[in-house]
Amino acid sequence: MEKVSDTVFSVGCDDYDIDLFESQYKVPHGIAYNSYLIKSEAGPTLLVDTVDRRKTDEWLAHVDEVLEGKPLDYLLIQHLEPDHSGSIDALLERHPEAKVIASAKAWQMMPNFQVHPIPEENKISVKEGDTLDLGDRKLHFVAAPMVHWPEVIVTYDDKDKTLFAADAFGKFGTRDADEPWEEEGRRYFLNIVGKYGPQVQTLLKKAAGLDIKTIAATHGPLLTENLGHYISLYDTWSSYKPEKEGILILVASIHGHTNVVAEKMKDILESKGQSVKLMDVTRCDVHEAVAQCFVYPKILLIACSYDAGVFAPMERMLTILTHKGFRNRTIGMIQNGSWAPSAAKTMKEILAKQQNLTYVDPVVTIKTSMKESDLPEMETLADNLIAA
């Protein structure tokens, strides 16, 4: 357990055994399910969120250890996703006296999550601007709909200047994972919350008026230093601005010939002074590739034609990308097709509904393997991508 302050305790759990978060995202360093218990000397006790049912027993032991026999007065439910609501029933079986606080939308959704009926007298519905007086502090409730579910609220503790941020500012990895916050914070945000950039922008505007010293998210470590850095990253990500200059090359090759083209384009672009990142979407973490598409302003897609479309790993990556609000980028394309090249047309069709994408000519077509005669057109594409 970790102290947030003298009267606030982090009672969540680290899951080192999970391989895929939400059955899709690779988590080589696990995941944290965070929960926070406010316990002042004279005031009531309040628990912020529960944890995934994978960790119910361990979490209940943490809660009981901090309570030291005191009753639990309140359970605050900020978000109903099962990794945060999975232990509500178990908690209320042990602490039936607790009053339960949630948004009106959460109360509508609650029966869908197999929560045992809660007595009407124990239900408290809160909305934007409501407060709860705990004696030594007031909790201020802030609506955060679609960050990233409709029922979400976040909560500001005006004594400790802590923002209990629900899934905002979370990251993959356990709390003790020895890794930079930015990489896994980015992959988490852009894959899970990325579609809801406008809603995150609204929340950031609300948060700008608060004196925040600590951000306590439901995943990842407590953020206590250099908060402006994290808030700035969230502003960049949620407004779909690139993080850095340079060009991202994504390649999908069947037999390796298209990889040769990608390596050559990397050499050409670097020889022209460009910073280039090359990722093979047939082998890399597809969700990391999605996240990197938001890092760079310019992306070069290089793929084989396949079944009159595009090679499946590239198709999958681009399809996921369209779910995440991808926009405001410059795109170049190289396709490989031995007899009926179709990759570029298919890639453009997949991206057709994305906002503010600029395509750079020419679309270079390789026939099976790169030849000396292909190089002038590749050079032209590189020049036009740089100039765009």
Side-chain angles (χ1 to χ4, degrees), residues 191 246-270 274 276-388:
N191 282 282
I247 298 171
L248 172 67
I249 299 176
L250 298 177
V251 61
S253 181
I254 302 171
H255 297 292
H257 298 99
T258 310
N259 282 333
V260 173
V261 177
E263 291 287 354
K264 182 61 178 179
M265 282 301 294
K266 183 174 186 290
D267 291 344
I268 290 171
L269 288 164
E270 288 179 337
Q274 300 301 296
V276 181
K277 183 179 182 69
L278 172 60
M279 300 183 75
D280 180 350
V281 300
T282 70
R283 287 170 171 78
C284 73
D285 175 5
V286 66
H287 297 103
E288 177 59 22
V290 167
Q292 290 298 316
C293 285
F294 290 87
V295 173
Y296 292 90
K298 301 175 183 181
I299 301 167
L300 178 56
L301 302 174
I302 306 178
C304 295
S305 304
Y306 193 84
D307 286 343
V310 66
F311 190 35
M314 181 65 80
E315 181 180 30
R316 178 171 182 250
M317 195 286 301
L318 292 177
T319 300
I320 294 172
L321 190 60
T322 65
H323 298 166
K324 308 304 176 185
F326 182 63
R327 64 191 73 179
N328 304 342
R329 295 300 188 270
T330 299
I331 309 291
M333 292 185 179
I334 299 177
Q335 62 182 351
N336 195 339
S338 296
W339 64 90
S342 55
K345 178 177 178 288
T346 304
M347 290 189 289
K348 196 167 184 178
E349 286 172 350
I350 294 170
L351 296 172
K353 293 183 179 179
Q354 305 313 113
Q355 299 177 30
N356 196 27
L357 299 185
T358 301
Y359 292 91
V360 173
D361 290 328
V363 172
V364 177
T365 297
I366 306 296
K367 293 187 176 180
T368 306
S369 59
M370 185 181 67
K371 303 167 184 65
E372 194 72 24
S373 58
D374 295 317
L375 296 180
E377 199 171 28
M378 291 167 63
E379 289 274 357
T380 300
L381 175 59
D383 290 337
N384 291 348
L385 192 57
I386 293 167

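All of these numbers come straight from a predicted model, not from anything done at the bench.
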Donor-acceptor pair, distance only, cut-off 3.5 Å: does the side chain of Asn336 make one with the backbone of Thr368? yes
When rounded to the nearest 0.5 Å, the distance separating OG1 of Thr346 from OH of Tyr306 is 13.5 Å
Would Asn191 and Phe294 count as a side chain to side chain contact (heavy atoms under 4.5 Å, CB included) if you check the C-alpha gap in whole Å, the side-chain angles of each, and the deciding distance to 0.1 Å? CA-CA 11 Å; Asn191 282 282; Phe294 290 87; over 6 Å; no
Without swapping roles, check the side chain of Lys371 against the backbone of Ser369 for a donor-acceptor pair under 3.5 Å. yes
Does any non-hydrogen side-chain atom of Met314 lie less than 4.5 Å from one of Leu250? yes
If I take atom NZ from residue Lys345 and atom CE from residue Met333, how far apart are they, to the nearest 0.5 angstrom? 12.0 Å
Pairwise distance CD(Glu263) to CG(Leu278) - rounded to 0.5 angstrom: 5.0 Å
Pro341 side chain near Ile366 side chain, heavy-atom distance below 4.5 Å: no
Straight-line distance of Ile249 CD1 to Gln292 CD, nearest 0.5 Å: 13.5 Å
One should read off an interatomic distance between Met378 CE and Asp383 CG, to the nearest 0.5 angstrom, of 12.5 Å
Derivation and outcome, side chain to side chain contact (heavy atoms under 4.5 Å, CB included), residues Ser253 and Thr282: CA-CA 7 Å; Ser253 181; Thr282 70; 5.8 Å; no
Taking every non-hydrogen atom, the tightest pair across Ile350 and Thr322: O-CG2, 3.4 Å
How many angstroms lie between CD1 in Ile334 and CD1 in Ile302, if you round to the nearest 0.5 Å? 4.0 Å
Quick one: does Lys298's side chain have a donor or acceptor within less than 3.5 Å of a partner on Ala388's backbone? yes
Can you check side chain to side chain contact (heavy atoms under 4.5 Å, CB included) on Val276 and Met265, steps first, answer last? CA-CA 10 Å; Val276 181; Met265 282 301 294; over 6 Å; no
Taking the side chain from Ser305 and the backbone from Ser342, do they hold a donor-acceptor pair closer than 3.5 Å? yes
Lys348 charged N/C atom sitting above Tyr359 aromatic ring, 6.0 Å / 45°: yes
Indicate yes or no: at least one non-hydrogen side-chain atom of Val261 is less than 4.5 angstrom from one of His257. no
Quick one, Leu351 with Leu301, criterion side chain to side chain contact (heavy atoms under 4.5 Å, CB included). Give me CA distance, side-chain angles, the key distance, then yes/no. CA-CA 12 Å; Leu351 296 172; Leu301 302 174; 4.1 Å; yes
Nearest atoms (heavy-atom pairs only) where Met317 meets Ala289: CG-CB, 4.0 Å
Contact summary for Leu321 and Cys293, nearest pair of heavy atoms: CD1-CB, 3.8 Å
Heavy-atom donor-acceptor pair, Gln354 side chain to Phe326 backbone, under 3.5 Å: yes
For Ala343 against Gln335, the heavy-atom pair lying closest together: N-OE1, 3.3 Å
With distance as the sole test, does Arg329 use its side chain to make a donor-acceptor pair with the main-chain N or O of Arg327 at under 3.5 Å? yes
Minimum heavy-atom separation for Pro362 and Leu381, please, with both atom names. O-CD1, 3.4 Å
Nearest atoms (heavy-atom pairs only) where Ile254 meets Cys304: N-SG, 3.6 Å
Can you check whether Leu248 reaches Val295 side chain to side chain, under 4.5 Å on heavy atoms? no
Do you see a donor-acceptor pair shorter than 3.5 Å between the side chains of Thr330 and Thr358? no
